[in-house]
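Computed over heavy atoms, backbone and side chain alike; hydrogens, waters and symmetry mates excluded.
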Amino acid sequence: MRNGRKQTQRNLAHSSNRMLGIAAVLICLTLLSVYQLSGVFAKFGIREQNGDAARTACFSPSMDSDAKVVLDITTPGDADIIKFSVQNFTDERVTETTTRYQITLKTTGNLPLDFTLSDGENKILADDWSCNGNGESVYEYQNAPVFSVKATETHQYILEAKWDKSKNDAKFSGQTDAVYIAVEFIQVD
């Protein structure tokens, strides 16, 4: 009986030693892995203190329009204009990147208005913007010139809105229309 008991104890001790050995190897592998990965995590936590003088380019385009933002069109046959300019600078800051832009006209479309976009010298740029008075309309002018780098430039525009006399349906009586002009600036790489 004693030999059987000793054999069982030896087997248990041997089995325990094997389990402890496996556990020790796993702990060592875990510690080694954590040590190896600690450099990866540290890269995200390091703060750079070299004092590099790099900066981003100034991007400060703007759009200016007359104080008039409401069209004075109330009856068929009326017409009105809005003058506005697009520039590549704001105050003293000039855009340091090549920039293009797109002019967008949006109207609530309550009135049958015809729009014409001209440059500052009255050269017609877009004259096919016609709203029939049946809901919101959006028109885009994408052929605007590109602003060059570091040179102050201003582009003048005139938006003319007309209500054709022949479009005098009673359904337009008492209606108002809101017209919005937006300029989207895009940096050219």
Side-chain angles (χ1 to χ4, degrees), residues 1-65 69 82 84-110 115 117 119 125-126 128-129 131 134-157 159 177-189:
M1 211 36 144
R2 267 188 153 178
N3 284 341
R5 190 180 254 178
K6 280 186 179 181
Q7 186 65 26
T8 304
Q9 287 176 346
R10 275 189 220 159
N11 286 344
L12 285 173
H14 185 63
S15 179
S16 270
N17 287 341
R18 185 179 298 168
M19 293 300 276
L20 286 174
I22 291 172
V25 169
L26 287 175
I27 289 173
C28 288
L29 286 174
T30 302
L31 289 174
L32 183 62
S33 297
V34 168
Y35 175 75
Q36 291 294 327
L37 291 176
S38 66
V40 172
F41 294 125
K43 287 180 185 175
F44 295 107
I46 293 173
R47 178 172 280 184
E48 189 63 42
Q49 298 293 330
N50 289 339
D52 191 4
R55 66 178 185 83
T56 59
C58 177
F59 187 73
S60 60
S62 69
M63 177 188 131
D64 288 332
S65 66
V69 291
I82 296 175
F84 65 98
S85 63
V86 179
Q87 55 197 31
N88 67 339
F89 61 93
T90 305
D91 299 325
E92 301 285 326
R93 298 175 48 159
V94 179
T95 299
E96 296 174 330
T97 61
T98 303
T99 308
R100 66 181 173 86
Y101 60 93
Q102 168 181 306
I103 299 171
T104 303
L105 171 74
K106 183 178 179 182
T107 174
T108 53
N110 296 330
F115 298 95
L117 181 67
D119 65 10
L125 304 172
D128 58 348
W129 294 352
C131 178
N134 290 330
E136 183 179 297
S137 297
V138 177
Y139 310 98
E140 295 178 344
Y141 177 66
Q142 299 178 349
N143 298 327
V146 175
F147 286 125
S148 57
V149 178
K150 288 193 175 184
T152 59
E153 296 179 51
T154 301
H155 302 154
Q156 303 291 331
Y157 293 97
L159 178 69
D177 207 337
V179 176
Y180 306 94
I181 300 172
V183 178
E184 179 184 3
F185 296 92
I186 300 141
Q187 178 178 331
V188 179
D189 293 328

Indicate the ring-plane relationship of Y157 and Y101, choosing parallel, tilted or perpendicular according to the 30° and 60° boundaries. perpendicular

Separation of T99 OG1 from Q187 CD (nearest 0.5 Å): 6.5 Å

Nearest heavy-atom neighbours spanning E96 and V149: O-CG1, 3.5 Å

Going by side chain to side chain contact (heavy atoms under 4.5 Å, CB included), V25 matches just one of I27, I22, L29. Which one? L29

For the CZ atom of F115 and the CD1 atom of I82, what is their distance to the nearest 0.5 Å? 8.5 Å

Looking at N110 and D177, would you say the former's side chain and the latter's main chain have a donor-acceptor pair under 3.5 Å? no

Pair N143-L125, side chain to side chain contact (heavy atoms under 4.5 Å, CB included): steps then yes or no: CA-CA 9 Å; N143 298 327; L125 304 172; over 6 Å; no

Please check: side-chain N/O of N88 versus main-chain N/O of A151, any donor-acceptor pairing under 3.5 Å? yes

Side chain to side chain contact (heavy atoms under 4.5 Å, CB included), that's the test. Do Y139 and T107 meet it? Break it down for me. CA-CA 9 Å; Y139 310 98; T107 174; 4.2 Å; yes

Any sub-3.5 Å donor-acceptor pair from S85's side-chain atoms to T154's backbone N or O? no

Mind listing the closest non-hydrogen atom pair of C131 and G109 along with its distance? SG-CA, 3.4 Å

Does the side chain of S148 come under 3.5 Å of the side chain of E153 through a donor N or O and an acceptor N or O? yes

Atom pair CH2/CG of W129 and L117 - distance to nearest 0.5 Å: 4.5 Å

If you measure from CD1 on I103 to CD on E184, what distance do you get to the nearest 0.5 Å? 12.0 Å

Please lay out, stage by stage, how I181 and L159 fare under the test side chain to side chain contact (heavy atoms under 4.5 Å, CB included). CA-CA 9 Å; I181 300 172; L159 178 69; 3.7 Å; yes

When every non-hydrogen atom of F147 is compared with those of V86, the smallest separation belongs to CZ-O, 3.5 Å

